[in-house]
Amino acid sequence: MKFIHFADAHLDSPFRGLSFLPSKEFNQIYQAADQSLTRIVDLALKEDVDLILIAGDTFDSDQPSPRAQLFFAEQIKRLTDQQIQVVMIFGNHDHMKKEDLLVSPSPYFKLLGANEKVEKSTFTTQSGFAYDVVGFSYLNNHITRDMMPDFSEKGSNYTFGLMHAQEKENDSHKNVYAPFTVSEIKELNYDYFALGHIHARNNLSTAPWIVYPGNIQGRHINEMGEKGCYLGKIDENSRKTTIEFKQTGPIVWQSRAINLEAAISKNDLQAK
């Protein structure tokens, strides 16, 4: 079985703080998230994956523009037309109602855990490999309670967890995005826990897998480095899982030191 895990596309992100850029460069950055998502779908089709996990904040707002909604629906249709299962949750940015999503109904598209209720769905690949996906969607901007006690016990199927959340902090006032501890997730013993919300790529555990893929496109200089998704492969006999990062973000933010030996004009500095 093959799957792709991505999160935090933030379609329609306003890219604040970049208005100083020339219009051509600004438009390239504004369109970069769309391009990254298109490349993720291209990768899914090329690899003939069985499953796409979308771990929240697909849109930057709970009222996304018609353009972003239609673009996303078009990309999902490319997947479902090829009978690739898509399982999606809403995050704290796109905390929408299920009926407000413009994706066409399909047996191969599932919005999981509407109304902030943890839900389990069972699917089967074309080869007959059964797996469960357990998770929930945001309906409000904040979820202050720990949702982990609501996750069901692992059954006999390979099990994915799907959650948009942050690790618990000592300051309780900061615990507003479904706070959890790694130990809680490990106790569930799910095979792969797909996370979203943190924009930096990070594997919290490899046994079992607890994974933040980061966002699909860096939006500013504080989100440096390659961005994209994870491609996972599961040995259906041993259930051993391996993952590989795939860069899809077309623009990579990098830090560069420029040595200036004398006074320089603004235009010359920009050129340099």
Side-chain angles (χ1 to χ4, degrees), residues 5-17 33 53-65 68-69 72 87-101 110-120 133-152 160-188 190 192-205 208-224 227 229-230:
H5 167 206
F6 77 88
D8 298 279
H10 285 276
L11 301 179
D12 263 350
S13 173
F15 289 90
R16 295 185 181 90
L53 296 169
I54 306 177
D57 282 3
T58 298
F59 303 104
D60 195 58
S61 164
D62 63 327
Q63 296 180 318
S65 69
Q69 281 259 42
F72 180 66
V87 182
M88 171 185 180
I89 57 173
F90 289 138
N92 62 292
H93 275 259
D94 57 356
H95 50 97
M96 301 160 57
K97 295 180 180 178
K98 181 179 180 179
E99 54 268 26
D100 290 338
L101 190 63
K110 173 67 176 179
L111 177 67
L112 193 67
N115 300 317
E116 295 184 1
K117 300 294 185 182
V118 175
E119 178 183 6
K120 179 174 79 171
V133 185
V134 187
F136 64 91
S137 289
Y138 281 59
L139 190 57
N140 300 283
N141 180 252
H142 292 149
I143 297 179
T144 57
R145 75 181 186 91
D146 184 345
M147 300 290 286
M148 298 309 303
D150 294 352
F151 277 73
S152 57
F160 294 94
L162 186 58
M163 184 167 68
H164 194 84
Q166 66 175 29
E167 286 189 81
K168 285 182 181 177
E169 298 191 31
N170 292 330
D171 184 351
S172 61
H173 293 94
K174 296 180 179 180
N175 292 325
V176 294
Y177 302 114
F180 68 90
T181 64
V182 172
S183 61
E184 285 180 298
I185 295 182
K186 285 186 173 182
E187 287 174 4
L188 286 171
Y190 286 9
Y192 186 97
F193 218 98
L195 296 171
H197 182 60
I198 302 301
H199 289 189
R201 200 161 66 250
N202 188 16
N203 296 338
L204 301 181
S205 169
W209 286 107
I210 304 173
V211 178
Y212 279 115
N215 53 344
I216 69 172
Q217 172 59 56
R219 301 184 297 167
H220 46 71
I221 194 61
N222 292 326
E223 297 182 344
M224 291 191 291
K227 299 288 186 176
C229 65
Y230 274 115

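All heavy atoms count here, side chains included; hydrogens, waters and symmetry mates do not. Residue numbers run from 1 in the order of the sequence given.
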Open item on the list: Are the side chains of F136 and E119 in contact, using a 4.5 Å heavy-atom criterion?
Closed with: no
TODO: Supply the atom-to-atom distance I210 CD1 to L188 CG, rounded to the nearest 0.5 angstrom.
DONE: 9.0 Å
- [ ] Output yes when a side-chain donor or acceptor of D171 lies under 3.5 Å from a complementary backbone atom of H173, and no otherwise.
- [x] yes
Task: Distance, nearest 0.5 Å, that separates CG of L195 from NE2 of H5 - done: 6.5 Å
TODO: Give the minimum heavy-atom separation between I216 and A9, together with the two atoms involved.
DONE: CD1-CB, 3.5 Å
TODO: Could you tell me whether the side chain of D94 and the main chain of S61 form a donor-acceptor pair under 3.5 Å?
DONE: no
- [ ] Under the side-chain contact (heavy atoms from CB on, under 4.5 Å) rule, what do F180 and F193 come out as? Steps first, then yes or no, please.
- [x] CA-CA 12 Å; F180 68 90; F193 218 98; over 6 Å; no
Open item on the list: Can you tell me which residue among N215, N92, D8 is in a side chain to side chain donor-acceptor pair (under 3.5 Å) with H197?
Closed with: N92
- [ ] Any chance you could measure Q166, atom CD, to Y177, atom OH, to the nearest 0.5 Å?
- [x] 7.5 Å
Task: Side-chain donor/acceptor of H142 to backbone N/O of T144, under 3.5 Å - done: no
Task: Minimum side-chain heavy-atom gap I185-Y190 below 4.5 Å - done: no
Task: Side chain E223, main chain R219, donor-acceptor under 3.5 Å - done: yes
Task: Shortest non-hydrogen contact between A178 and A165, atoms and distance - done: O-CB, 3.3 Å
- [ ] Would you confirm whether K227, through its side chain, and H199, through its main-chain N or O, come within 3.5 Å as a donor-acceptor pair?
- [x] yes
Open item on the list: With rounding to the nearest 0.5 angstrom, report the CD1 to CG distance, I54 to L112.
Closed with: 12.0 Å
Task: Approximate separation, where rounding is to 0.5 Å, of D150 CG and R145 CZ - done: 4.5 Å
Open item on the list: Is there a side-chain contact (heavy atoms from CB on, under 4.5 Å) between L101 and F90? Walk through the geometry before answering.
Closed with: CA-CA 10 Å; L101 190 63; F90 289 138; 4.2 Å; yes
- [ ] Would you please classify the geometry between the H10 ring and the H93 ring as parallel, tilted or perpendicular, with 30° and 60° separating the classes?
- [x] perpendicular
Task: Evaluation steps, side-chain contact (heavy atoms from CB on, under 4.5 Å), between M163 and M148 - done: CA-CA 10 Å; M163 184 167 68; M148 298 309 303; 3.6 Å; yes
- [ ] Check whether any side-chain heavy atom of R201 sits under 4.5 Å from a side-chain heavy atom of Y230, and report yes or no.
- [x] yes
TODO: Check step by step if side-chain contact (heavy atoms from CB on, under 4.5 Å) holds for F59 and D12.
DONE: CA-CA 6 Å; F59 303 104; D12 263 350; 5.8 Å; no
Open item on the list: Does atom CD (E169) have a neighbourhood of more than 12 heavy atoms from anything else shown, all under 6.0 Å?
Closed with: yes
Task: Nearest heavy atoms of G196 and A7, plus distance in Å - done: CA-CB, 3.7 Å
Task: Atom pair CE (M88) and OG (S137), whose distance is rounded to the nearest 0.5 Å - done: 7.5 Å
Open item on the list: So V133 and F160, do their side chains get closer than 4.5 Å, heavy atoms only?
Closed with: yes
Task: Y138 side-chain N/O to H164 backbone N/O, donor-acceptor pair under 3.5 Å - done: yes
TODO: If the plane angle is over 60° it's perpendicular, under 30° parallel, otherwise tilted; pick one for W209 and Y192.
DONE: tilted
TODO: Looking only at non-hydrogen atoms, find the nearest pair between E116 and L139 and report the distance.
DONE: OE2-N, 2.8 Å
Task: Flag side-chain contact, heavy atom, 4.5 Å: P64 against M96 - done: yes
